[in-house]
Number of protein chains: 2
Amino acid sequence: MKLNNTSQYAIRILAYIADHKEKSLLSAVELSTALVIPYKFLTKIMTELVKADFIESIRGREGGFKLQKKASEIKVDDILNIFNDSIKEEECILGIGFCNGMCKCALHDQWMEPKLLMQKMFRESSLEDIAGRGCKI
Amino acid sequence: MKLNNTSQYAIRILAYIADHKEKSLLSAVELSTALVIPYKFLTKIMTELVKADFIESIRGREGGFKLQKKASEIKVDDILNIFNDSIKEEECILGIGFCNGMCKCALHDQWMEPKLLMQKMFRESSLEDIAGRGCKI
DNA sequence: AATTAACTCTACCTTTAGGTAGTAATTTAA
DNA sequence: TTAAATTACTACCTAAAGGTAGAGTTAATT
């Protein structure tokens with residue numbers, strides 16, 4: 001029961017950028033070094049974040065990345081959705097395809113409360129809320 | 001953010017056995033058919049459940065599987081632990097190796113409450129609590 | 001004793017997640 | 001205008017999860 005690696009990296013990257021708004025641009029090398037994420041893998045993730053319109057990229061020398069939206073407008077859940085790692089409304093914790101009121105899995109009722117709390121947490125936490133907390137990594 | 005396939009199968013298998021205690025033994029074929037889990041994969045999981053002392057296997061013709069403990073004594077969390085899919089106390093949701101009071105990740109505080117609720121749910125739900133709920137699959 | 005229906009073990013195959021390599025394209029500065 | 005610093009793209013590699021195959025072992029039935 002955990003987030004996948006790519007989601008974890010993406011959240012850390014975006015939180016880091018949000019936490020460094022004094023710099024107008026951050027390069028892939030800087031991010032890779034600061035966050036200890038393999039450079040090539042980071043650039044791959046960056047490309048997806050750009051395509052998802054969360055960050056803007058400036059190409060060429062002196063280029064880099066910056067947020068394309070206000071930090072308060074990017075929720076953790078939006079990031080998870082890019083990598084298909086969010087908690088889907090109707091997805092069953094035991095993986096059965098038709099878990100609902102009519103026919104529910106053994107854990108359906110017990111799962112409801114933790115699920116709703118997690119969804120709420122992911123949906124309500126923005127980059128602004130989480131950036132700058134703790135060790136900035 | 002989901003349980004892995006093997007954990008899901010294992011929970012469904014054990015809940016199903018707990019829900020059919022009128023039968024003294026259930027065979028792998030029966031379980032595979034009833035739960036729609038690939039036979040060969042199911043037998044592999046059964047072997048792990050036997051080794052973990054959750055179920056007992058009777059070999060030979062007329063053999064099969066049954067619970068080795070009372071249903072009330074097997075918690076969902078115990079099952080997750082076999083497949084390394086439980087929520088570890090100190091594991092960081094963003095995957096950083098030293099996320100604690102001194103140096104915590106950006107999501108550390110927000111994650112605390114949902115994490116505790118999930119742990120509680122997994123730790124307190126026994127097979128007895130979940131068996132026979134819903135559609136028995 | 002042979003047959004049959006079961007579990008067990010070892011090895012392998014397939015798919016997906018995670019990660020790497022190399023090159024092309026873009027932009028700025030010297 | 002060239003070199004350097006940057007992102008973008010395509011293709012590939014590796015490890016882990018998920019799943020399959022087949023032969024071996026056990027024990028009840030006939």
Between side-chain atoms of residues 68-79 of chain B and protein atoms elsewhere (two or more places apart, or another chain), which donor-acceptor pairs fall under 3.5 Å?
{"residue": "B/Asp77", "atom": "OD1", "partner": "B/Ser86", "partner atom": "OG", "Å": "2.7"}
{"residue": "B/Asp77", "atom": "OD2", "partner": "B/Asn81", "partner atom": "ND2", "Å": "3.3"}
{"residue": "B/Asp78", "atom": "OD2", "partner": "B/Lys75", "partner atom": "N", "Å": "3.0"}

- OP1 or OP2 of D/dG19 less than 4.0 angstrom from a side-chain nitrogen or oxygen of B/Tyr9, does that happen here?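 The answer is yes; a side-chain N or O of B/Tyr9 sits under 4.0 Å from OP1 or OP2.
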
- Message: Test: salt bridge (charged side-chain N to carboxylate O under 4.0 Å, His left out). Region: residues 1-14 of chain B. Which pairs qualify, not counting sequence neighbours?
- Response: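 Applying salt bridge (charged side-chain N to carboxylate O under 4.0 Å, His left out) to every pair that reaches into residues 1-14 of chain B, excluding sequence neighbours, yields nothing.
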
- Message: Show every salt bridge (charged side-chain N to carboxylate O under 4.0 Å, His left out) that has at least one partner inside residues 22-45 of chain B, sequence neighbours left out.
- Response: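 Qualifying pairs, neighbours excluded: B/Lys23-B/Glu30.
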
- Message: Please give me every residue in residues 89-98 of chain A whose heavy atoms get under 4.0 Å of an atom in DNA chain D, ordered by residue number.
- Response: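 Heavy-atom contacts with DNA chain D come from no residue of residues 89-98 of chain A; none.
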
Take the protein atom [atom1] of [X] and the nucleotide atom [atom2] of [N], then report the distance between them rounded to whole Å.
X       : N      : atom1 : atom2 : result
A/Ile45 : C/dT20 : CD1   : P     : 11 Å
B/Glu56 : C/dC7  : CD    : C1'   : 13 Å
A/Leu3  : C/dG18 : CG    : C1'   : 15 Å
B/Gln8  : D/dA17 : CD    : P     : 15 Å
A/Ile37 : C/dG18 : CD1   : P     : 13 Å
B/Asp85 : D/dA16 : CG    : P     : 16 Å
A/Phe41 : C/dG22 : CZ    : P     : 19 Å
A/Glu48 : D/dC9  : CD    : C1'   : 13 Å

Do you know the tightest heavy-atom contact between [X] and [Y]?
X        : Y        : value
B/Ser7   : B/Asp85  : OG-OD2, 2.9 Å
B/Ile82  : B/Ala52  : CD1-CB, 3.7 Å
B/Ser125 : B/Ile130 : CB-CG2, 4.2 Å

Polar atom pairs (N or O), protein with nucleotides 12-15 of chain C, under 3.5 Å:
none

- Message: Does B/Lys88 have more than 12 heavy atoms from other residues, nucleotides or ligands lying within 6.0 Å of its NZ?
- Response: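 Yes, NZ of B/Lys88 has more than 12 neighbouring heavy atoms, counting only those of other groups under 6.0 Å.
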
Output side-chain donor-acceptor pairs under 3.5 Å for residues 93-103 of chain A, partner residues at least two apart or in another chain, one line each.
{"residue": "A/Asn100", "atom": "OD1", "partner": "A/Met102", "partner atom": "N", "Å": "2.9"}
{"residue": "A/Asn100", "atom": "OD1", "partner": "A/Cys103", "partner atom": "N", "Å": "3.4"}

- Got a sec, which residues hit ring pair (Phe, Tyr, Trp, His ring centres under 6.0 Å) with A/Tyr39, two or more places apart in sequence or on another chain?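 Ring pair (Phe, Tyr, Trp, His ring centres under 6.0 Å) list for A/Tyr39, sorted by chain: empty.
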
- Message: Holding to ring pair (Phe, Tyr, Trp, His ring centres under 6.0 Å), I want the full list of residues that pass it with B/Tyr9, two or more places apart in sequence or in another chain.
- Response: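 Once residues adjacent in sequence are excluded, the partners of B/Tyr9 under the ring pair (Phe, Tyr, Trp, His ring centres under 6.0 Å) criterion are B/Phe41.
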
- Message: For the CE atom of A/Met121 and the CG atom of B/Leu117, what is their distance to the nearest 0.5 Å?
- Response: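 Here the interatomic distance stands at 11.5 Å.
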
- If you round to the nearest 0.5 Å, how far is CG of B/Leu127 from CD1 of B/Ile17?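 Atom-to-atom, B/Ile17:CD1 and B/Leu127:CG are 9.0 Å apart.
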
- Item | Pairs flagged by ring pair (Phe, Tyr, Trp, His ring centres under 6.0 Å) wherever residues 50-94 of chain B is involved - sequence neighbours left out |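 Those involving residues 50-94 of chain B do not exist here.
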
- Query: Which of residues 76-83 of chain A have a heavy atom under 4.0 Å from DNA chain C?
  - Reply: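 None - not one residue of the stretch has a heavy atom sitting under 4.0 Å from the strand.
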
- Message: Show every side-chain hydrogen bond (donor to acceptor under 3.5 Å, both in side chains) that has at least one partner inside residues 111-122 of chain B, sequence neighbours left out.
- Response: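 side-chain hydrogen bond (donor to acceptor under 3.5 Å, both in side chains) check on residues 111-122 of chain B returns B/Lys120-B/Glu124.
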
For nucleotides 5-8 of chain D, give me every protein contact, N/O to N/O, under 3.5 Å, one pair per line with atom names.
{"residue": "D/dA5", "atom": "N3", "partner": "A/Arg61", "partner atom": "N", "Å": "3.3"}
{"residue": "D/dT7", "atom": "OP1", "partner": "A/Ala28", "partner atom": "N", "Å": "2.8"}
{"residue": "D/dT7", "atom": "O3'", "partner": "A/Ser57", "partner atom": "OG", "Å": "3.4"}
{"residue": "D/dA8", "atom": "OP1", "partner": "A/Ser57", "partner atom": "OG", "Å": "2.7"}

